[in-house]
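Please read the structure below before turning to the comments.
Sequence lines set the chain letters: A, B, ... in the order given, protein chains first and strands last, and positions in each chain run from 1.
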2 protein chains.
Amino acid sequence: MARCTVRYEGRLEAVLPEADRLIMVKADGCVAIHADSGAYKPLNWMNSPNTLVEGVGEWVVTNPKGERLVITMHNVLSETNHSLGMEPGLEKDGVEAQLQVLLSERTDAIQAGMTLVRREYPTDIGPVDLLCKDIDGVTVAVEIKRRGDIDGVEQLTRYLHELNRDARIAPVRGMYVAQEIKAQARTLAERRGIVCVEVDYDELRDRPSNVLRLF
Amino acid sequence: MARCTVRYEGRLEAVLPEADRLIMVKADGCVAIHADSGAYKPLNWMNSPNTLVEGVGEWVVTNPKGERLVITMHNVLSETNHSLGMEPGLEKDGVEAQLQVLLSERTDAIQAGMTLVRREYPTDIGPVDLLCKDIDGVTVAVEIKRRGDIDGVEQLTRYLHELNRDARIAPVRGMYVAQEIKAQARTLAERRGIVCVEVDYDELRDRPSNVLRLF
DNA sequence: GTGTATATCTCGGGG
DNA sequence: CCCCGAGGTATACAC
């Protein structure tokens, strides 16, 4: 904790006038300067890899990209050191990747009779979440989001345009699947002939897989 | 600093197994749990507004949205308290807002003879950065970015579609202005008839304004 | 390394 | 309050 002035020169120029703040230096060398409010982003920071040089009343942090963070210490209020050891890391559940795996094994939850061709189907402009065939044998590109916003519709539209240039699979239609689809996104999607489906994560988890198993 | 286990239930479910970590509580009540590496994002956190209840060996943080963070304290290594007082805040220079102001007064730096109609021109789907008229009197929608990525092209395309529905100003053409325009973005933009212009921030600042002044 | 998509994004502004 | 856009976004992952 210290009364300090901070100057950053890099992707932009920024100055923090003199005030009391928390200065956090982690084992990997990264530096973060926190005020007493405003989670969780620091006022100013420098990511690792970098070099910290402690001078007289001044810390200079530089990184290989040529960015520079200068902390001028006017008054050090307190200093605490701890070595924390191994971090096992955060275990998550419920993000888009999980939703994608669940849906890839339950494509009939998106639309009755639909089967999976491939998850993360690659194209020149990025991977399509799910490529499927519907009950009539028509190819369907499925974009999956936790929150269905407008940018997901744009993304799917780009994929559809790309996929429909491939005569082997065209025509391809689009489906937009999310736990919640925003009104604006739905309007834009439907105007483009994209079918929107909202799914419930918990229901989905309880629903049996429709993938044929060999044993 | 404490040996702790953390559980978050909210927008997703997440667990942090037992380990030593830094637990930061700010004046506004927000909580952040940091490991000794990985700038600057905490492993787990809870933003204000929230309520922190300190129980026996357990802190429970809840917020009005129904999210919940439970910190089980196995061993408190140290505790430090400071009141930091007022934060004057970060002063920035060089971001898009500044670029927009500079360009709005120097529209002829985008294209010779172009004049400003309005900055932040409002539409039903959001504000257009600059609405201008070119030397031939044709309306031009200008999208400004620091880095010209593909999403800026999509954004401008939506604005153009919207603006061209207005018979009073149609036809409207688009210009994409950035300090650096990515190849993919340029290709997509030009395919849609959008003219791309790269500008230099420092040169722009030195260039005189083309806005007519009354005195 | 570049490019693309995600994030409990955070943060700020406008309706 | 939500929606939308910007960010020194950071971060993970595929090519």
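- Residue contacts for R68(B): at a heavy-atom cut-off of 4.0 Å it reaches no nucleic acid atom on any strand shown.
- Between dA6(D) and Q155(B), a contact under 4.0 Å exists linking OP1 or OP2 to a side-chain N or O.
- The CD1 atom of I150(B) sits 10 Å away from the C1' atom of dG3(C) (whole-angstrom rounding).
- Comparing I144(B) and K182(A) by the nucleotide of DNA chain D that holds the closest heavy atom to each, the one mapping nearer the 5' end is K182(A).
- Annotation: dG8(D) and dC4(D) have their P atoms spaced 22 Å apart (nearest Å).
- Residue contacts for L90(A): at a heavy-atom cut-off of 4.0 Å it reaches a base atom on one of the strands shown.
- In this structure, A185(A) and V153(A) approach most closely via the heavy-atom pair O-CG2, 3.6 Å.
- Backbone-only contact: E143(A) has heavy atoms under 4.0 Å from sugar-phosphate atoms and none from a base.
- Within 4.0 Å of Y159(B), counting heavy atoms only, lie sugar-phosphate atoms of the nucleic acid but no base atom.
- Contact annotation for M46(B): no contact, since no heavy-atom pair falls under 4.0 Å across all strands.
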Pair up each side-chain donor or acceptor in residues 159-171 of chain A with any protein partner under 3.5 Å, not counting sequence neighbours, and list the distances.
unit_1  : atom_1 : unit_2  : atom_2 : d
Y159(A) : OH     : P127(A) : O      : 3.0
N164(A) : OD1    : V172(A) : N      : 2.7
N164(A) : ND2    : L160(A) : O      : 3.1
N164(A) : ND2    : V172(A) : O      : 3.1
D166(A) : OD1    : R168(A) : N      : 3.0
D166(A) : OD1    : R168(A) : NE     : 3.0
D166(A) : OD2    : R168(A) : NH2    : 2.9

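- Residue pairs meeting the side-chain hydrogen bond (donor to acceptor under 3.5 Å, both in side chains) criterion with at least one member in residues 34-49 of chain A, sequence neighbours excluded, are H34(A)-K26(B).
- Closest approach of V128(B) and A141(B) over heavy atoms only: CG1-CB, 3.9 Å.
- Note: CD1 (I181(B)) to P (dT2(C)) measures 19 Å, nearest angstrom.
- An OP1 or OP2 oxygen of dC9(C) is reached within less than 4.0 angstrom by a side-chain nitrogen or oxygen of R146(A).
- Look at the P atom in both dT11(D) and dC11(C): the space between them is 15 Å, to the nearest Å.
- For T139(A) against K133(A), the heavy-atom pair with the smallest separation is OG1-NZ, 3.2 Å.
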Readout for nucleotides 10-15 of chain D: B = base within 4.0 Å of protein heavy atom, S = sugar-phosphate only, - = neither; 5' to 3' it is SS----
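- Here Q184(B) reaches the OP1 or OP2 of dT4(C): one of its side-chain N or O atoms lies under 4.0 Å away.
- D151(B) has no carboxylate O lying under 4.0 Å from a charged side-chain N of K145(B), or vice versa, which leaves the two without a salt bridge.
- R7(A) has a carboxylate O that lies under 4.0 Å from a charged side-chain N of E13(A), or vice versa, which qualifies the two as a salt bridge.
- Residue L12(A) has its side chain nearest to dG8(D) when only dG5(D), dA5(C), dG8(D) are considered.
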